[in-house]
Undergrad: 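Once you've had a glance at the structure underneath, I'll fire off some questions.
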Amino acid sequence: MTTRITSALAALALLTACGTEHPAPTASASVARLEANANGASASDASFGPAVAKDLATLRRVTAPYHDFATGKDAGWDTQITGCMTDPGGAGGMGFHYGNTDFIDGTAQVDRPQLLLYEPESNGKLRLVAVEYIIPYTFHARSDTPPELFGQQFKQVDAFQLWGLHAWVWKENPSGIFADWNPNVNCDNAPAESRMVMAH
């Protein structure tokens, strides 16, 4: 891990709440979710054009195994970056962010999201709801032109000193698939000590 990545994660860690590990969703629950969601495809994907729809399908394909939280951890998304995040202004939630530090290298590739976002469920399990691509300012200066992926510009996230782009590929987001917050996501089922109320 480079010094830049270590520094970026250290900065993120200062802003996180200490969360506890949660059990993984069962494989059967993951399969049921996929089948109920027509293999994860969203009707809105086509509105972005065929190239973006293809990239979103690729993202769903490569992240589908990580509905099982333990599988995601074993594959490298084993660093809890934040507690369970909600927006103080009422825009919704994000859930827990788990990072694959090997992917925090200043690049943005469809099939290598740096973060997986999990929402806590009432049964104590974690549900995969989205991914986030991040590029710390140490790799791509805040003053530079925003990075792009899926035809979308990354947003400045000064609280964490990075560029970020969400893709809500596993839970419908009425605010838009690339919106920061999802009003359908909350942290009501997260332990109190792991909740973060914070603007992103």
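This is a predicted model, so every value here is computed, not measured.
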Undergrad: For a 4.5 angstrom cut-off between non-hydrogen side-chain atoms, does Val129 reach Asn182?
TA: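 Side-chain contact under 4.5 Å: no.
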
Undergrad: Report the distance from atom CG of Leu116 to atom CG of Leu128, rounding to the nearest 0.5 Å.
TA: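 It is 6.0 Å, given to the nearest 0.5 Å.
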
Undergrad: Search all heavy atoms of Pro174 against all heavy atoms of Asn184 and return the closest pair with its distance.
TA: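 Closest heavy-atom pair between Pro174 and Asn184: CD-ND2, 3.2 Å.
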
Undergrad: Distance-only, no hydrogens or angles: does the His140 side chain make a donor-acceptor pair with backbone N or O of Thr145 under 3.5 Å?
TA: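 Yes, the answer is positive, given that a donor and an acceptor are paired below the 3.5 Å cut-off.
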
Undergrad: Determine, stepwise, if the pair Ile177 / Leu56 fulfils side-chain contact (heavy atoms from CB on, under 4.5 Å).
TA: CA-CA 10 Å; Ile177 193 169; Leu56 289 170; 4.0 Å; yes

Undergrad: Would you compute the distance between atom NZ of Lys125 and atom CD of Glu119 and round it to the nearest 0.5 angstrom?
TA: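 If I round to the nearest 0.5 Å, the distance is 15.0 Å.
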
Undergrad: Going by salt bridge (charged side-chain N to carboxylate O under 4.0 Å, His left out), name the residues that satisfy it together with Lys155, two or more places apart in sequence or in a different chain.
TA: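 Salt bridge (charged side-chain N to carboxylate O under 4.0 Å, His left out) check on Lys155 returns Asp180.
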
Undergrad: How far does CD of Gln80 sit from OG of Ser194, to the nearest 0.5 angstrom?
TA: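 That separation rounds to 7.5 Å.
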
Undergrad: Using 30° and 60° as the class limits, which term best fits the ring planes of Trp77 and Tyr66: parallel, tilted or perpendicular?
TA: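 Correct class here is tilted.
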
Undergrad: Any chance you could lay out the ring pair (Phe, Tyr, Trp, His ring centres under 6.0 Å) test for Phe150 and Phe178, step after step, and finish with the verdict?
TA: CA-CA 9 Å; Phe150 303 107; Phe178 299 113; 5.4 Å; yes

Undergrad: Backbone N or O of Val185 within a donor-acceptor pair of the Lys171 side chain at under 3.5 Å?
TA: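 Flag not set: sc Lys171 to bb Val185 has no pair under 3.5 Å.
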
Undergrad: In terms of side-chain geometry, is the basic nitrogen of Asp45 or Arg60 positioned less than 4.0 Å from the acidic oxygen of its partner?
TA: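 Between Arg60 and Asp45 there is a salt bridge, with a charged N closer than 4.0 Å to a carboxylate O.
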
Undergrad: Flag the pair Arg112 and Asp105 as a salt bridge only when some basic side-chain nitrogen lies within less than 4.0 angstrom of an acidic carboxylate oxygen.
TA: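 Yes, Arg112 and Asp105 are salt-bridged.
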
Undergrad: Between Arg195 (side chain only) and Met85 (backbone N and O only), is there a donor and an acceptor less than 3.5 Å apart?
TA: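 No, the answer is negative, given that no donor and acceptor are paired below the 3.5 Å cut-off.
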
Undergrad: Over all heavy atoms of both residues, which pair between Phe154 and Leu149 is shortest? Give the atoms and the distance, please.
TA: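 The pair with the smallest heavy-atom distance is CE1-CB, 3.8 Å.
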
Undergrad: For ring pair (Phe, Tyr, Trp, His ring centres under 6.0 Å), just list the numbers for Phe69 and Tyr98, CA-CA rounded to whole Å, side-chain angles, deciding distance to a tenth of an Å, and then say yes or no.
TA: CA-CA 10 Å; Phe69 180 63; Tyr98 280 85; 4.8 Å; yes

Undergrad: Taking all atoms of both residues into account, what is the closest heavy-atom pair of Asn173 and Pro183, and its distance?
TA: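 It is OD1-CD, 3.3 Å.
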
Undergrad: If you round to the nearest 0.5 Å, how far is CD of Glu193 from SG of Cys84?
TA: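 One finds 11.5 Å between SG of Cys84 and CD of Glu193.
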
Undergrad: What residue pairs, at least two apart or across chains, pass salt bridge (Lys or Arg N to Asp or Glu O under 4.0 Å) with a residue in residues 139-148?
TA: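 Listed once each, the pairs are Arg142-Asp158.
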
Undergrad: Please step through side-chain contact (heavy atoms from CB on, under 4.5 Å) for the pair Asp111 and Leu59, ending with a clear verdict.
TA: CA-CA 6 Å; Asp111 60 348; Leu59 175 59; over 6 Å; no

Undergrad: Check whether Thr71 reaches the backbone of His67 with its side chain - one donor and one acceptor, N or O, closer than 3.5 Å.
TA: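 Looks like no, no N/O pair under 3.5 Å.
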
Undergrad: Judged by atom type as modelled, is there a donor-acceptor pair below 3.5 Å linking the side chain of Gln114 to the main-chain atoms of Phe103?
TA: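 The answer is yes, because a donor-acceptor pair under 3.5 Å joins these two groups.
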
Undergrad: At what distance, to the nearest 0.5 angstrom, does CG of Asn100 lie from NZ of Lys73?
TA: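 The distance works out to 13.0 Å.
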
Undergrad: Would Val131 and Trp168 satisfy side-chain contact (heavy atoms from CB on, under 4.5 Å), going step by step from the backbone distance to the final call?
TA: CA-CA 7 Å; Val131 307; Trp168 294 91; over 6 Å; no

Undergrad: Please tell me if the side chains of Phe96 and Leu117 come closer than 4.5 Å, counting only heavy atoms from C-beta onward.
TA: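 Not in contact.
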
Undergrad: Answer yes if the side chains of Glu132 and His97 hold a donor-acceptor pair under 3.5 Å, and no otherwise.
TA: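 Yes, because at least one side-chain N or O of Glu132 sits under 3.5 Å from a partner of the opposite role on His97.
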
Undergrad: Could you tell me whether the side chain of Ile135 reaches within less than 4.5 Å of the side chain of Leu165, counting heavy atoms only?
TA: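 Sidechains of Ile135 and Leu165: no contact.
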
Undergrad: Determine the minimum heavy-atom distance between Pro146 and Trp163, stating which atoms define it.
TA: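 The pair with the smallest heavy-atom distance is CB-CZ3, 3.6 Å.
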
Undergrad: Going by distance alone, is a donor N or O of one side chain under 3.5 Å from an acceptor N or O of the other, for Trp181 and Ser175?
TA: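 Judged by distance alone, the side chains do not pair up.
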
Undergrad: If I compare all heavy atoms of Val157 with all of Gly164, which pair ends up nearest, and what's the gap?
TA: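 Nearest pair, atom of Val157 first, then Gly164: CG2-N, 4.0 Å.
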
Undergrad: Would you compute the distance between atom CG of Leu115 and atom NE2 of His166 and round it to the nearest 0.5 angstrom?
TA: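 The CG atom of Leu115 sits 8.0 Å away from the NE2 atom of His166.
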
